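Scroll down for the structure; my scribbles are underneath it.
First the proteins, then the strands, lettered A, B, ... as listed; each starts at 1. Source: prediction; values computed, not measured.
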Amino acid sequence: MWRYVRILITCARNSLVRDMSFRTNFVLETISSLSWVLMNLGFYVLIFRYAPEIGKGTGWGQYQFFMFLATGLLINSVVQMVFMINAEEFTEAVRTGALDFVLVRPIDTQFFISIRRFDWSALGNFLLGIALGVYALGKMGHLPTALQLILYALYVGCGIAIYYSLMIALAAATVWMGRNLTVLDFWFYITIFARYPMEIYSGPVGGVLRWAFTFVLPVLIVVNVPARMLLRPLLPQSTAEWMLPLFGLAATVACLGVSRWLFQKALENYRSASS
Amino acid sequence: MPVIEVDGLSKTYRVYQKPEGLLASLRGLVRREYRLVEAVRGIRLAVEAGEFVAFLGPNGAGKTTTLKLLSGIITPTAGTARVLGHIPWKREDAYRRRFALVMGQKNQLWWDLPAAESFRLHQHIYRIDPQQFRRTCSQLAEMLDVAHLLQQPVRELSLGERMKMELIAALLHSPEVLFLDEPTIGLDVVAQHRIQSFLRHYQASHGVTILLTSHYMKDVAALCKRVVIIAQGSIIYDGSLSGIIDRFSGQKIISLQMANGQAFDQLDRFGEVLSVEPPRAKLRIRRSDVTQTLARLLSAHAVVDVTVEDPPLEEVIAEVFSHPEEHWGRKVGEAPDLMEDRG
């Protein structure tokens with residue numbers, strides 16, 4: 001276990017050294033990433049000038065929604081910082097045969113290909129997520145309890161695990177497809193649905209979307225569950241909502257299990273590439 | 001007991017046949033045609049501990065595929081293999097800690113970082129004791145004369161320097177088996193020689209078992225006592241380097257030095273004239289005709305000096321690679337039943 005931690009730290013360190021050797025690129029990436037988030041935030045501030053909350057009686061006022069955004073930002077930034085760049089590299093490594101050198105290492109292949117590189121430019125978004133969360137909680141005058149914070153951290157971890165599972169499963173498909181440049185595009189399209197509170201998915205179409213993105217591809221619970229954990233105004237109002245966190249845990253385990261199985265199958269079918 | 005044991009090992013790929021033209025490509029979206037490529041066909045091989053074996057063959061013969069099978073990178077279609085008692089494609093850590101793979105055409109080091117950073121990562125992956133790591137790293141760097149380059153980004157190294165770093169990365173954990181896939185490809189003569197010397201010394205001092213593929217006969221001649229030739233996925237020869245000429249070449253080269261004033265115009269009566277640079281000439285003749293041809297030559301011409309040699313090894317091997325079935329005398333793919341006694 002300790003060996004894996006040391007490998008993780010070494011990869012993170014090596015990535016930082018590498019990023020620092022291309023300073024201008026690093027600064028520009030950080031700035032563009034932060035700008036995109038801030039522009040989005042400005043857009044939502046504008047919306048809340050015209051609407052006091054998202055949906056009537058849902059409890060998602062401006063600062064509750066900012067807390068929701070902050071949670072999404074935290075989860076997305078970790079995924080971007082650690083897994084996204086590695087999923088991209090994995091698909092390329094399958095196509096070029098560079099995966100050969102990973103397969104001969106005495107280490108869990110999935111672990112190693114998932115953490116080989118870190119995209120440190122996403123750290124800015126992570127810090128912004130924390131700042132936004134603290135700001136939103138402050139504006140609400142809400143001080144979370146220790147249990148809430150622990151559950152929040154747990155479910156942020158579950159959210160990251162679900163996103164990661166989806167991403168690694170899509171990346172593993174490269175082994176059968178040969179070339180898979182749409183991995184991140186597809187992931188991006190799917191995760192768009194997770195950026196908003198569940199309550200907006202109402203009506204016949206919304207109901208179907210809510211069901212599908214909760215029980216089939218459980219991306220809706222990624223941000224919704226941890227955000228709810230922290231926001232007292234959104235205390236569960238029905239038995240179904242009490243079940244959501246339990247389902248979140250089960251979904252996380254299932255996603256990790258299925259993606260692990262798929263990844264192992266992919267490695268069995270790896271063909272390498274001409275040298 | 002052999003360190004590497006291979007029996008009936010086969011690997012078949014299904015390869016998509018991409019048709020030419022736009023219409024055919026569009027048709028390919030719905031219906032595809034595939035071709036089966038037998039990269040390795042039922043090979044049988046046993047390598048003892050401490051052997052340095054060359055794996056020769058033309059491009060696409062199945063050399064690299066065999067190394068990838070033995071490294072556990074790909075799984076076979078049929079057959080068995082055991083390396084150090086492990087089945088490679090089970091990819092057990094206990095096995096992966098005991099061998100290393102170097103591929104001359106692929107890079108395993110972090111491109112933008114100094115090699116030393118990649119080595120440190122290897123230290124953690126292979127659980128190498130810090131003291132041993134420092135000692136091995138500095139020893140290998142000294143031997144390969146790259147100690148001063150350890151802190152330089154890999155992308156700024158020459159090809160030869162990078163290959164030396166690749167070798168260090170592969171040897172840090174002191175593997176018992178080393179698979180080398182064209183480690184000197186693209187290198188200049190000096191770098192090739194340096195790497196050859198290093199490998200010879202390292203193999204002798206550590207007793208490591210090495211399987212080497214290379215297109216450079218100088219690598220093979222300098223390093224390997226045993227040569228395995230693979231063609232179209234099958235092993236067609238397993239024996240000594242010199243045995244290749246005995247087995248596959250039915251010819252000899254005669255070099256003549258004529259006395260002054262001798263005519264060169266009728267030399268083609270004796271064999272194929274390879275070159276004429278008065279007073280010297282070279283002829284290629286059938287091995288079985290050597291005695292008779294020499295007698296006729298010496299009686300017809302005033303010859304000052306004569307030498308009889310085997311044709312160059314590269315030439316013989318190129319001929320074998322071009323027509324493997326002709327030289328093997330059977331359908332390629334059948335298991336060989338007669339190998340040279342390797343002694």
Side-chain angles (χ1 to χ4, degrees), chain A residues 1-23 25-26 89 92-113 115-118 175-179 263-275, chain B residues 11 13-16 39 59-60 63-65 67-75 88-89 91-114 116-127 153 155 166 169-170 173 175 179 181-182 185 213:
Chain A
M1 182 66 188
W2 177 233
R3 179 170 71 111
Y4 278 76
V5 174
R6 274 196 299 197
I7 289 167
L8 181 79
I9 292 169
T10 308
C11 287
R13 182 189 163 280
N14 282 359
S15 298
L16 189 62
V17 173
R18 176 181 175 271
D19 284 355
M20 290 299 112
S21 62
F22 302 105
R23 278 178 306 177
N25 182 62
F26 177 76
E89 289 209 352
E92 194 58 10
V94 169
R95 193 180 67 80
T96 60
L99 189 64
D100 294 0
F101 284 121
V102 181
L103 288 170
V104 298
R105 303 269 175 258
I107 185 172
D108 185 87
T109 304
Q110 186 179 341
F111 168 79
F112 193 46
I113 66 104
I115 56 94
R116 271 209 298 178
R117 297 238 196 280
F118 278 63
V175 169
W176 291 284
M177 293 164 66
R179 194 171 195 197
F263 189 82
Q264 295 296 335
K265 280 282 157 208
L267 290 188
E268 284 172 25
N269 286 279
Y270 176 61
R271 295 160 53 114
S272 188
S274 175
S275 58
Chain B
K11 179 67 184 177
Y13 289 106
R14 201 173 70 128
V15 182
Y16 168 50
N59 290 329
K63 308 182 296 293
T64 303
T65 303
L67 288 196
K68 285 178 181 174
L69 285 165
L70 296 179
S71 306
I73 291 169
I74 51 175
T75 51
W89 44 92
R91 296 176 186 152
E92 297 161 311
D93 286 353
Y95 171 54
R96 296 193 288 192
R97 261 192 281 277
R98 297 174 68 188
F99 81 93
L101 170 71
V102 175
M103 297 170 120
Q105 304 202 59
K106 285 181 183 168
N107 174 35
Q108 62 175 315
L109 305 169
W110 281 53
W111 190 247
D112 296 315
L113 293 182
E117 305 286 359
S118 294
F119 297 162
R120 191 169 296 117
L121 184 59
H122 282 225
Q123 182 203 344
H124 297 314
I125 291 174
Y126 286 94
R127 290 196 289 208
R155 67 169 189 275
E166 293 278 340
H173 62 287
F179 299 120
D181 189 25
E182 301 185 40
I185 193 161
T213 79

Evaluate the side-chain proximity of [Y] to [X]: yes if any heavy-atom separation is below 4.5 Å, no if none is.
X: B:Arg120; Y: A:Arg13; result: yes
X: A:Arg105; Y: B:Tyr126; result: yes
X: B:Trp110; Y: A:Ser15; result: yes

Does [X] reach the main-chain N or O of [Y] with its side chain, forming a donor-acceptor pair under 3.5 Å?
X: B:Lys68; Y: A:Ala273; answer: yes
X: B:Arg96; Y: A:Ile107; answer: yes
X: A:Arg271; Y: B:Ile74; answer: no

Exercise: do B:Gln123 and A:Arg6 side chains pair donor with acceptor under 3.5 Å: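 Judged by distance alone, the side chains do not pair up.
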Count the heavy-atom pairs under 4.5 Å between each of A:Asn269, A:Leu267, A:Val17, A:Leu99 and chain B, then report the option with the highest count. A:Leu267
Is [X] in contact with chain A via its backbone, its side chain, both, or neither, using a 4.5 Å heavy-atom distance?
X: B:Asn59; answer: neither
X: B:Arg97; answer: both
X: B:Phe99; answer: side chain
X: B:Leu101; answer: both
X: B:His122; answer: side chain

Side chain, backbone, both or neither: which part of A:Arg116 has a heavy atom under 4.5 Å from chain B?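 Contact with chain B is through the backbone of A:Arg116 alone.
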List the steps, then state whether side chain to side chain contact (heavy atoms under 4.5 Å, CB included) holds for B:Asp112 with A:Phe22. CA-CA 10 Å; B:Asp112 296 315; A:Phe22 302 105; 3.7 Å; yes
Heavy-atom closest contact (B:Leu121 atom, A:Phe112 atom, distance):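 Result for this residue pair: CD2-CZ, 4.0 Å.
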